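Please read all numbers here as calculations on a predicted model, not as lab measurements.
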Amino acid sequence: VADRLSRPNQVLSAEWALDPTVLSPLFHDWDRPHVDLFATSGNFVLPTYVSPVRDPGAFAVDALSLDWKDMFAYAFPPPTLMHRVVQKIRDTRCRVILIAPFWPRMLWFPELGGLAVAGPRPLNVTSRRLTQVLGSGLRVKHPNPQVLNLHAWLLQSEGGALVREPVRR
C-alpha cells in the first residue's frame with residue numbers, strides 16, 4: 001500500500017472493496033457502522049475510515065493499534081489479519097460487521113460462532129462487485145471472488161462476555 005505511488009498499476013491483495021449494493025442490505029438489517037477499519041482512500045465504504053498507511057482522509061492509521069472499545073465498525077480485513085481481528089473483537093467491548101472468507105479449517109473460524117449476533121450471511125460477490133482502484137485511477141475486478149467465499153457476520157462482545165441484542169429485520 002505504501003508503494004502505491006511508485007507502482008500505480010500493481011494489484012494489492014489487501015485493497016479489495018465490496019460494491020455498495022452488497023453492503024446496503026447488511027447496513028439496513030444490522031445498522032450502519034460508524035467507521036471502516038481496514039480501508040484506504042481508494043476503497044473506503046464509510047466516510048470515517050482507518051488506513052494502514054498515512055492518508056490525509058483517514059481518521060487514524062493502523063486499525064489494530066486503535067482501541068475499539070464501544071465502537072461499531074465495519075471490517076473487511078485481509079485474510080492474513082483475520083486471526084488478530086477476531087482476537088481483538090473477542091477481547092474488546094465492541095460491535096463489528098465482519099466480512100470474512102467462509103473457511104472453517106482456519107484457526108480463527110470457530111471463534112466467529114461464539115461472537116456472532118447474526119450471520120453468517122453468504123454474500124453474492126461477483127468480479128463486478130469486488131474491485132480495487134489502482135494508483136492510476138483504473139478500477140480492476142477480482143479475478144476469482146468465489147475462491148474467497150465471502151460471508152458477513154455481525155459480531156459483538158463485552159470484552160469476553162457476549163451481549164445479544166435484537167437485530168432489525
Side-chain angles (χ1 to χ4, degrees), residues 1 12-103 106 108-109 111-125 129-133 142 145 148-169:
V1 175
L12 302 173
S13 61
E15 281 285 294
W16 297 107
L18 286 169
D19 187 273
T21 60
V22 175
L23 298 173
S24 290
L26 299 175
F27 294 173
H28 177 266
D29 292 348
W30 297 342
D31 210 358
R32 186 177 179 85
H34 303 129
V35 62
D36 184 341
L37 289 174
F38 297 90
T40 65
S41 60
N43 72 355
F44 68 90
V45 297
L46 296 168
T48 304
Y49 65 95
V50 179
S51 176
V53 296
R54 287 191 182 272
D55 180 334
F59 160 72
V61 176
D62 186 11
L64 291 170
S65 70
L66 289 179
D67 182 3
W68 294 5
K69 183 180 177 192
D70 298 324
M71 189 179 283
F72 180 33
Y74 165 78
F76 182 16
T80 56
L81 295 178
M82 200 62 66
H83 183 71
R84 291 177 61 199
V85 169
V86 173
Q87 282 181 322
K88 184 122 178 155
I89 295 168
R90 182 194 66 216
D91 297 340
T92 308
R93 185 176 67 215
C94 63
R95 180 177 257 210
V96 177
I97 294 177
L98 178 71
I99 307 300
F102 196 91
W103 293 343
M106 298 305 289
W108 48 263
F109 191 86
E111 285 198 65
L112 296 179
L115 296 169
V117 176
R121 183 184 288 189
L123 300 177
N124 181 18
V125 179
R129 292 182 172 162
L130 185 61
T131 62
Q132 163 173 162
V133 176
H142 193 286
L148 296 173
N149 194 13
L150 293 176
H151 282 62
W153 282 263
L154 177 59
L155 305 177
Q156 182 171 315
S157 74
E158 191 68 38
L162 193 63
V163 175
R164 295 200 182 267
E165 294 180 11
V167 175
R168 282 192 327 213
R169 295 270 181 229

Between R90 and E111, is a side-chain contact (heavy atoms from CB on, under 4.5 Å) present by the stated rule, with each step listed? CA-CA 8 Å; R90 182 194 66 216; E111 285 198 65; 2.9 Å; yes
With side-chain contact (heavy atoms from CB on, under 4.5 Å) as the test, would you mind laying out the steps for V86 and L112 before giving the verdict? CA-CA 7 Å; V86 173; L112 296 179; 3.7 Å; yes
Full working for side-chain contact (heavy atoms from CB on, under 4.5 Å) between L26 and I99: CA-CA 11 Å; L26 299 175; I99 307 300; 4.0 Å; yes
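Taking the six-membered ring wherever Trp is involved, the centroid distance between the rings of F109 and F102 falls below 6.0 Å.
Atoms OG and CG, from S24 and L18 in turn, are 11.0 Å apart once rounded to the nearest 0.5 Å. Atom CG of L130 sits about 9.5 Å away from atom CG of D19, to the nearest 0.5 Å. Note: D91 CG to K69 NZ = 14.0 Å, rounded to the nearest 0.5 Å. Separation of atoms CG (D70) and SG (C94) is listed at 9.0 Å; rounding is to 0.5 Å. Annotation: the span from L148 atom CG to W16 atom CH2 amounts to 9.5 Å, rounded to 0.5 Å. F38 CZ to Y74 OH: the interatomic distance, rounded to the nearest 0.5 Å, is 11.0 Å.
Without hydrogens or angle criteria, D62 side chain to P52 main chain gives no donor-acceptor distance under 3.5 Å. In this structure, W68 contributes its side chain and A63 its backbone to a donor-acceptor pair below 3.5 Å. For K88 (side chain) and L66 (main-chain N/O), a donor-acceptor pair under 3.5 Å exists by modelled atom type. A donor-acceptor pair under 3.5 Å is formed between the side chain of S157 and the backbone N or O of T92. With hydrogens and angles disregarded, a donor-acceptor distance shorter than 3.5 Å links the side chain of H151 to the backbone of N149.
Cation-pi check for R121 over W30 is met; the charged atom lies under 6.0 angstrom from the ring centroid and within 45 degrees of its normal.
Smallest separation of non-hydrogen atoms from I97 and D31: CD1-O, 3.7 Å. Across D36 and L46, no two heavy atoms sit closer than the pair N-CD1, 3.7 Å. When every heavy atom of G119 is checked against every heavy atom of W153, the shortest pair comes out as C-CD1, 4.1 Å. The minimum heavy-atom distance between L154 and R95, with the atom names listed, is CD1-CG, 3.8 Å. The nearest pair of heavy atoms linking A73 to P33 is C-CB, 3.5 Å.
Proximity of V35 to V50: side-chain heavy atoms (C-beta onward) are separated by under 4.5 Å at one or more points. By the 4.5 Å heavy-atom criterion applied to side chains, T21 and R129 are counted as neighbours.
None of L64, L37, L98 except one satisfies the side-chain contact (heavy atoms from CB on, under 4.5 Å) rule with P77; the exception is L98.
Ring geometry, F44 versus Y49: the interplanar angle falls under 30°, so the pair is classed parallel (tilted spans 30 to 60°).
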